[in-house]
Amino acid sequence: MDKLVLIDGNSIAFRAFYALPLLQNNKGTYTNAVYGFAMMLMKVLEEEKPNHVLVAFDAGKITFRHRDYKEYKGKRDKTPGEFSEQIPLIKELLDAFGIRHFELESFEADDIIGTIAKEADRKGMPVTIVTGDKDLLQLVTEKVELLMTKKGVTDADRYDVEKVNEKYGLKPKQIIDLKGLMGDPSDNIPGIPGVGEKTALKLLHQFGSVEEVLAHIDDLPGKKLKERVAENRRDAILSKDLATIMCDVPLDFGLDDLIYQGFDADRIIPLLKKLEFKTLLERIQGDESETDQPEPEKISVERVESEDNGKWEDFLKQDRIALFVERNHENYHRADLLAIVLSDGKQQLFLNWETAKRWPAFQEWLQDSDRKKICYDVKATWIVFKRHHLESEGFMFDILLASYLINASESGHDLSDIVERKLGGGLPADDVVYGKGAKRRQLGEQELSEHLARKVNRIYQLCPVLEKELKEYDLDALFFDLELPLTHVLARMEWNGVKVDKDRLQALGKELQERLNGLTERIYDLAGTTFNINSPKQLGEILFDKLGLPVLKKTKTGYSTSADVLEKLAPQHEIVEEILRYRQVGKLISTYVEGLLKEVFDSTGKIHTRFHQAITTTGRLSSSDPNLQNIPVRLEEGRRLRQVFIPEKPGWQILSADYSQIELRVLAHLSGDHGLVEAFQKDMDIHTKTAMDVFGVSENEVNSLMRRQAKAVNFGIVYGISDYGLSQNLNISRKEAGEFINRYFESYPGVKVYMDETVKKAREDGYVTTMFHRRRHLPEIHSRNFNRRSFAERTAMNTPIQGTAADIIKQAMLRMDEALEKRNMSARLLLQVHDELIFEVPKEDSETLSDLVREVMEGAVTLSVPLKVDVSTGNTWYEAK
DNA sequence: CAGCTCACG
DNA sequence: ACGTACGTGAGCTGC
């Protein structure tokens, strides 16, 4: 049975564009209309199973309708560029599906659809029209039905003759009369003013057509209506004409040219990959795999055996070799080496640990800094080799770091994610190959060597692709002169580890546990019952249901019991303060005492954190297992935990050096605001200075409240200010917060200009950059969703500041590493905490190091304001404050 | 495994 | 009108 589907291309694309968020793919191409269109298309093909398909598009702006009525579609907003640029992609998609699409000069899509529908009707072929435009209802007949999209894209109502009658009490042909009377503001069709759908329908039910209505003006109800119809009879006729779809357009094709024979997945898959339509891709590939599971591409891999390793020595002489080390855990400080693979792009070598150990040429190659290696995650690789007593040098490229610099916001930087994005796939994810969680399994030798061969081969393939992109984005220097060398510095920091006074930690734990026990009893007492204080749900029931405290804030799931809420409730009931203390102490025990104890290596009494160099969107590092960047400091009780961080050797000290107000100094530099620059040049207390300006008082009139509020305003500025955020932080009204912000911007107009310019530039470019060219893509800066757009705008303001500060301290770390080496000092860098570097140093060198650190950190970059560093030393991290 | 809470800069 | 401060990681609860 033949069946024809006619799709109103522009209408469906437009629907999709407004129904979906403004999606962008990795390259910044807008794709939401294409995505919605593709969803709709696949659904219609599945459900209607047509063997003839046509998609009609509007051509150009001027149509034959403009001859009669120049203002046709005159009041429409200009089509957004984000929409227009997607139309060619939709046509490309249709080509890939093997679906015909047409447009015709001076006609609209409707007219093409009408003409073909009429031809099919005449030949007795059933037709389904897909559109979002109810004008097309006029085409419905016994053979022609219409799918009209509802709110979304794929959701549609089906109209046949009966349904049109049910809905309007009209025959399909009368839809044009309806429009003749009521007009259509969106197409700028006038109709009769004052006649809406209700009146128009009433008149048509009585008279049947525009012409009949006009012939019976005297019989119309109401004086006003009579007048209006009489005065606008020409417009009514014109409007009906404009609404009439032309069904005899001269077309140079016919039904036979619209045959659709089903799609060829091989043509569609590359396009869907380019567009990054993962769900649709899975749907198509899923359909395919039912018939034939695509075998992973064959890969050659040679096992190197100890007996005949001599024959591979020429292989190692090549210029560039990709190297990958598989390990058995994510945490490379605890992991064992499973296998080593090498690739020159053509051949892959597989060696197990036994072979590597007994192959001197390999070890020589590995530690020769002139033999260049391409790697994924140099830091992990270096450490895993180190754990197995092998030195490795000569890493000239890191796939992980490169992918991160190219787009830090990208969801995954696993090797398979990068391969997916940059090579269009071809490497199954580890989770899939090994299984995850309980399903994790060990691979057989053959399977393992093939999987690893694929990995190392892809690493080799990726290198030139990423190198080129780094260059395009002007990221070479950041990559080669900063991040790649830094990875070695971080590796040594992690490898060295930090010594922990385990006894002291346990003693603190015991003390805190006793405090917690006391607090628990007291809370049960005050509550009159026992319950799980750690459960916000149970706690909420006690506080708000049982004790009747007022509910100030709710979360999605129930009452909020967060600290800011509890602080406000504290005066009302004794229990609240106890709960706050309980939370504090509980946090210290579970996260810091127990958490840290788990991470202390038995053999050395040290902790080896991991610094992640490819996680944050701003360029900062992060730290995990354990996180040593959030050790308590603000409250004395928690701060004592810093007593457990000690130098490795007796007679050594801890030295801490932190940048003073680095982010605000960076802001002063980037904005060039005179007041701010001058304040730092004079080394003023910046929060006091801000208070003076914002409150209009002299220095000695600034009280502690004013300074505290000014400090919050400064933070707000750095974060990308909003009155709401500031009001929350300061617990003041939004209006008051807004006034603070206004006065800040009046005092520092350069900052205001800078912020506005930065957001404007982000809109133009789609990204922002730091001083070192680090880039953050902000696709949502164009979002029509207020929240998403606002977030992107704040991010645009914050990232250059936070990111430049991150660039600077990374630069300082590199310089410090070189300086220590050059001076032959035994001091070692232990930790970085965003604006602070922590060292261990022999006591006798600590003064020398103090001076050196200050000089290097303050001189890491030259800004229009000085950088200032505070240094202090002590026997523990606690004392170095 | 998501949501809440809280530690840091 | 919309409802959030920017960037992280970890522990706990409860579905």
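Hydrogens, waters and symmetry mates are skipped; everything else that's a heavy atom, side chains included, is used. Throughout, protein chains are lettered first and strands after them, A, B, ... in sequence-line order, and every chain is numbered starting at 1.
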B:dG3 and C:dT4, which share atom name P, separated by this distance in whole Å: 14 Å

Just checking A:Ser623: base, sugar-phosphate only, or nothing, at a heavy-atom cut-off of under 4.0 Å? sugar-phosphate

A:His413: side-chain hydrogen bond (donor to acceptor under 3.5 Å, both in side chains) partners, not counting sequence neighbours: A:Ser403

P gap between C:dA5 and B:dC4, integer Å: 12 Å

Residues passing the salt bridge (Lys or Arg N to Asp or Glu O under 4.0 Å) test with A:Glu836, sequence neighbours excluded, are none

Using a heavy-atom cut-off of 4.0 Å across all strands, would you classify A:Arg776 as base, sugar-phosphate, or nothing? sugar-phosphate

Within 45° cone and under 6.0 Å: A:Arg327 NZ/CZ vs A:Tyr332 ring: no

Those residues that, when tested against A:Arg708, pass salt bridge (Lys or Arg N to Asp or Glu O under 4.0 Å) (two or more places apart): none

What is the nucleic acid contact for A:Ser727, judged by heavy atoms within less than 4.0 Å: base, sugar-phosphate only, or nothing? nothing

Under 4.0 Å between any heavy atoms, over every strand shown, what does A:Asp625 touch: base, sugar-phosphate, or nothing? Just pick one. sugar-phosphate

Which part of the nucleic acid, if any, lies within contact of A:Ser722, taking any heavy atom under 4.0 Å across all strands shown: a base, the sugar-phosphate backbone alone, or nothing? base

Taking protein heavy atoms under 4.0 Å as touching, what does nucleotides 4-9 of chain B look like 5' to 3' if B marks base contact, S marks sugar-phosphate-only contact and - marks none? SSBBBB

Could you tell me which residues satisfy salt bridge (Lys or Arg N to Asp or Glu O under 4.0 Å) with A:Asp685, sequence neighbours excluded, listed by chain and number? A:Arg707

Any base atoms under 4.0 Å from A:Ala796, or only sugar-phosphate, or nothing? Heavy atoms, all strands. nothing

I'd like to check the salt bridge (Lys or Arg N to Asp or Glu O under 4.0 Å) partners of A:Lys502; sequence neighbours left out, ordered by chain and number. A:Asp602

Do side-chain atoms of A:Lys810 reach the backbone of A:Gly619 as a donor and acceptor pair under 3.5 angstrom? yes

For A:Gln584, check side-chain hydrogen bond (donor to acceptor under 3.5 Å, both in side chains) against everything at least two apart and list the hits. none

Contact class for A:Asn729 vs. all strands (heavy atom < 4.0 Å): base, sugar-phosphate, or nothing? base

Where does the chain A footprint on DNA chain C start and end, counting 5' to 3' with a 4.0 Å heavy-atom cut-off? C:dC2 to C:dC15

Mark yes or no: A:Arg640 above the aromatic ring of A:Tyr592, with NZ or CZ under 6.0 Å from the six-membered ring centre and no more than 45 degrees from the axis. no

A:Ser733: what forms a side-chain hydrogen bond (donor to acceptor under 3.5 Å, both in side chains) with it, not counting sequence neighbours? A:Glu736

Under 4.0 Å, counting only non-hydrogen atoms across every strand here, what does A:Gly720 touch: a base, just sugar-phosphate, or nothing? nothing

Compile the donor-acceptor pairs under 3.5 Å between side chains in residues 796-804 of chain A and protein atoms, sequence neighbours left out, one pair per line.
unit_1, atom_1, unit_2, atom_2, d
A:Asn798, ND2, A:Val718, O, 3.0
A:Thr799, OG1, A:Arg776, NH1, 3.1
A:Thr799, OG1, A:Thr795, O, 3.0
A:Gln802, OE1, A:Thr618, OG1, 2.8
A:Thr804, OG1, A:Met771, N, 3.1
A:Thr804, OG1, A:Pro800, O, 2.5

Distance check, C1' atoms only: C:dA1 and B:dC6, in whole angstrom units. 32 Å

Can you give the dot-bracket line for DNA chain C, where a pair is Watson-Crick or G-U wobble with both atom distances under 3.5 Å, crossing pairs use [ ], and | marks a partner on another strand? .....|||||||||.

Residues at least two apart in sequence or cross-chain that pass side-chain hydrogen bond (donor to acceptor under 3.5 Å, both in side chains) with A:Lys499, listed by chain then number, are none

Determine the contact category for A:Asn532: base if any of its heavy atoms lies under 4.0 Å from a base atom, sugar-phosphate if only primed atoms, P, OP1 or OP2 are that close, otherwise nothing. sugar-phosphate

